[in-house]
Amino acid sequence: MDRRKLGALVVLWAMAFASSPGHGLRALRRTTGGRRGSTGLTGQDANGVPLRRSKRGWMWNQFFLLEEYTGTDMQYVGKLHSDADRGDGSVRYVLTGDGAGTVFKIDEKSGDIHATKRLDREEKAYYILYAKAVNRFTNQALEGQSEFIIKIHDINDNEPKFTKDPYMARVPEMSDIGASVIQVTATDADDATYGNSARVVYSILEGQPYFSVDPETGLIKTALPGMDREVKENYQVVIQAKDMAGQMGGLSGTTTVSITLSDVNDNPPRFTKRSDAHLRDPPGSVVGVVRALDADIGENAEMDYRIIGSDGPGVFDIATNRSTQDGVIVLRKPLDFEKKHQFGLRLQVENVHLNPRFFSMGPFRDEASVKITVEDVDEPPVFERPSYIMEVKEDAAKNTVIGAVSASDLDDKRSPIRYTIDWRTDMDRVFNIHSGNGSVYVLRELDREENAWHNISVMATEFNNPQQISRVPVFIRVLDVNDNAPAFAANYETFVCENAKANQRIQTIGATDPDEPLAGHRFFFRVAPEAAGKANFSVHDNKDNTAWILTQRNGYNSLQKSVYHVPVVISDGDFPMQSSTNTLTVRVCSCDREGNMKLCNAEALTARAGLSTGALVAILLCVIILLMIVVLFAALRRQRKKEPLIVSKEDVRDNVVSYNDEGGGEEDTQAFDIGTLRNPEAIEESKQRRDILPETFYPPLRRPAPPPTYDNNGDVRDFISQRLQDNDGDPTAPPYDSLATYAYEGNGSVAESLSSLESVTTEGDQDYNYLSEWGPRFKKLADMYGGEDSGGES
């Protein structure tokens with residue numbers, strides 16, 4: 001039978017399959033039955049013309065095609081036929097849709113459809129195509145476009161594939177039969193809805209008799225009881241997945257499952273050997289290490305050691321090293337070689353995490369005996385104390401013993417000890433120590449206020465072996481002695497108002513003392529005896545380590561006396577009593593009614609021990625102002641010396657005269673003589689120039705100076721207005737615009753003259769008041785900081 005006949009049989013079978021019930025193909029049927037020529041009324045359009053619907057006459061709805069076709073000819077799919085086809089060749093069949101023209105081709109005359117290449121259902125399961133019949137000559141559609149489907153029938157061409165390869169799993173050792181380990185999963189790309197191509201069955205190829213697998217679910221379970229991790233820990237299991245429900249001819253795939261037995265505590269610890277130790281170390285050191293082995297791992301191998309018997313109770317202790325699980329024996333008390341040379345210990349080791357499931361196997365512990373031998377070794381001397389604290393008064397005399405240290409050699413030889421001070425801890429050589437008995441004594445005078453504590457290190461060295469050295473810290477406290485007098489607690493700046501009343505408080509003072517008495521400070525204040533009779537101020541002791549400075553009379557005059565010095569005697573209450581006289585400077589200042597200071601004189605300002613920042617700033621400002629005045633004066637002097645317009649007649653031709661003169665119009669004929677430029681020799685000697693004021697013809701106008709005022713802006717404004725009026729009314733002023741420069745120096749200063757500069761002009765002495773505008777301001781600065789005018793000297 002040839003392939004074409006085989007394809008026809010397949011098509012017939014597929015059409016029979018499509019028309020059979022139970023496959024859902026009736027829901028996909030798109031034809032309506034009937035013949036091409038039959039029509040029916042379906043209504044009217046907008047113009048009232050009856051609408052008719054044509055029924056299609058296709059005779060198919062779905063085709064089927066096997067995947068993976070291996071023939072040399074094109075695979076026959078099926079045949080399209082229309083009722084309008086009379087067999088005269090006037091009908092042409094057209095195919096569009098998925099793969100039309102590439103995957104599928106149609107014979108436009110006969111309607112036969114062929115697949116042009118090998119198809120894979122896993123790549124594309126079905127194709128949706130559209131077919132229509134048209135008139136070959138007029139190209140008019142004989143049938144409306146109809147949709148049909150070509151489904152690809154599955155064949156078993158894909159083997160099952162596992163989701164992982166390899167799988168990793170763990171199961172506790174000693175697990176019972178049937179304990180779940182892990183579930184493996186395999187998938188098959190074939191159609192699971194058609195046949196058994198995608199039905200997978202699992203089986204175990206390697207791993208018996210330890211494990212088994214469920215053929216339906218792929219769940220791996222233990223199949224052998226009592227698997228011991230200490231015997232074998234890792235297992236490799238190979239699982240096969242086969243499709244076609246495991247039948248002959250099915251495809252298969254495999255994966256590897258790596259299974260590890262996790263540890264459980266099923267083994268007790270065991271000491272490796274009976275240990276002996278030889279002891280040489282001091283207390284706190286490690287005597288020896290014992291070891292026990294446990295076949296388990298992790299937390300199941302964790303052990304605890306303890307001493308269950310000893311002929312030296314409390315001398316030794318044992319602890320577990322958690323990283324190595326070893327038992328560490330530690331010495332707790334010092335040993336005496338001459339009294340006892342050997343100790344015996346009974347040790348026990350036990351698991352920390354016990355599993356009741358394995359209690360039937362016996363106790364999970366072990367015991368061992370250890371002998372410890374004490375050996376005599378040469379060790380450094382040992383001090384009686386870990387540190388020493390000594391006290392000494394700061395007035396202690398040289399060579400005064402303040403304490404002693406003691407060390408001994410614990411060895412059998414009993415070497416003598418020599419004491420020294422580590423001079424790196426006592427660079428100033430304040431103390432020394434007796435080398436034989438360890439007595440510490442003073443070498444220099446002490447001062448508690450300079451250094452209250454001294455920390456030194458004392459060394460003990462064996463005479464027989466100088467390399468055996470031990471050190472101990474010695475802390476020396478210097479005790480306080482009342483050897484400092486109290487003084488003012490601060491640098492007080494005190495003033496008294498001129499309108500002060502008697503018994504008025506002007507200052508509260510306190511005291512400070514570098515000494516530190518045990519009962520605390522107690523200060524006493526009073527006026528010095530030599531000033532008590534003529535004192536203008538009194539001192540009132542508040543008995544709380546403060547005192548008030550009070551006035552003794554009504555009213556103070558700064559002109560008579562601007563500064564008072566009040567000697568205050570301050571005494572402490574310790575023994576021996578110390579006292580000092582401190583001088584309080586009181587300035588006399590002018591105040592308002594509320595007692596707020598307004599102004600203090602310069603004598604009181606300079607009477608202070610030092611100048612404040614504000615005073616320094618004020619003095620600096622005064623210096624800057626004076627420098628500005630000197631520069632201004634020099635500029636004015638240079639401005640008064642004007643250079644002549646023409647130096648000499650011979651130099652006229654060699655000079656270029658530059659001027660900016662617009663003239664006074666047609667009537668101005670003498671504003672500037674242009675003939676000067678043409679012929680300098682023709683200049684008329686007696687001709688008067690109108691742009692220069694002739695001093696001989698018109699005497700200068702002298703107007704009385706306005707009364708003095710402190711309104712700096714007002715007197716400058718009046719001065720300028722007056723000069724403008726003088727120039728406007730001057731008949732000798734030039735008719736063109738000109739610049740008049742004036743040097744205004746103000747109306748004087750209440751501080752009077754601040755300079756002794758004199759005029760050097762040839763016309764005679766002339767008084768210049770250079771401070772003018774700045775006079776009142778400078779006076780205010782000087783008064784603010786206590787300055788006084790000294791008749792022109794600063």
Side-chain angles (χ1 to χ4, degrees), residues 490-498 506-507 556-559 561-565 585-592 594-640 705-720 741-760 766-794:
N491 186 17
Y492 298 105
E493 297 182 3
T494 307
F495 70 93
V496 63
C497 296
E498 291 182 329
I506 63 172
Q507 182 68 55
Y556 294 85
N557 192 340
S558 61
L559 297 179
K561 190 175 182 61
S562 60
V563 176
Y564 290 90
H565 300 287
T585 301
V586 182
R587 294 180 292 155
V588 180
C589 303
S590 61
C591 305
D592 56 15
E594 287 77 17
N596 299 319
M597 181 181 64
K598 295 174 56 180
L599 188 64
C600 288
N601 55 26
E603 181 182 354
L605 180 64
T606 56
R608 294 164 56 189
L611 296 177
S612 64
T613 304
L616 294 176
V617 172
I619 294 174
L620 181 60
L621 287 175
C622 294
V623 173
I624 294 175
I625 292 172
L626 289 176
L627 291 176
M628 292 175 60
I629 293 173
V630 173
V631 173
L632 180 61
F633 171 70
L636 292 176
R637 291 292 300 273
R638 287 195 299 269
Q639 191 174 12
R640 288 180 178 273
T709 176
Y710 291 99
D711 184 6
N712 297 330
N713 296 329
D715 57 357
V716 173
R717 186 161 49 247
D718 295 340
F719 172 79
I720 295 176
T741 303
Y742 301 97
Y744 174 73
E745 296 181 359
N747 295 321
S749 171
V750 294
E752 299 181 5
S753 174
L754 291 177
S755 174
S756 59
L757 299 176
E758 295 180 356
S759 175
V760 294
Q766 188 172 355
D767 185 18
Y768 292 95
N769 191 350
Y770 294 100
L771 286 181
S772 62
E773 177 184 358
W774 287 93
R777 300 182 183 179
F778 182 76
K779 181 61 170 62
K780 290 181 180 179
L781 287 173
D783 292 343
M784 183 179 299
Y785 292 96
E788 289 186 309
D789 180 49
S790 58
E793 297 180 358
S794 58

Please lay out, stage by stage, how Thr585 and Val563 fare under the test side chain to side chain contact (heavy atoms under 4.5 Å, CB included).
CA-CA 7 Å; Thr585 301; Val563 176; 3.7 Å; yes
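The structure places CD1 of Ile625 at 13.0 Å from CG of Leu632, a figure rounded to the nearest 0.5 Å.
Qualifying side chain to side chain contact (heavy atoms under 4.5 Å, CB included) partners for Leu620, counting only residues two or more places apart in sequence or in other chains: Ile624. Taking Ser590 as the reference, Glu498, Lys598, Leu599 meet the side chain to side chain contact (heavy atoms under 4.5 Å, CB included) condition, with sequence neighbours excluded. Under the side chain to side chain donor-acceptor pair (under 3.5 Å) criterion, Tyr556 pairs with no residue at all, not counting sequence neighbours. Considering only residues two or more places apart in sequence or on other chains, Phe495 meets the ring pair (Phe, Tyr, Trp, His ring centres under 6.0 Å) condition with none of them.
Of all heavy-atom pairs spanning Gln507 and Glu493, the tightest one is OE1-O, 4.0 Å. Across all their heavy atoms, Cys497 and Gly595 have their closest contact at SG-O, 3.7 Å. In terms of heavy-atom proximity, Cys600 sits nearest to Val588 at SG-O, 4.2 Å.
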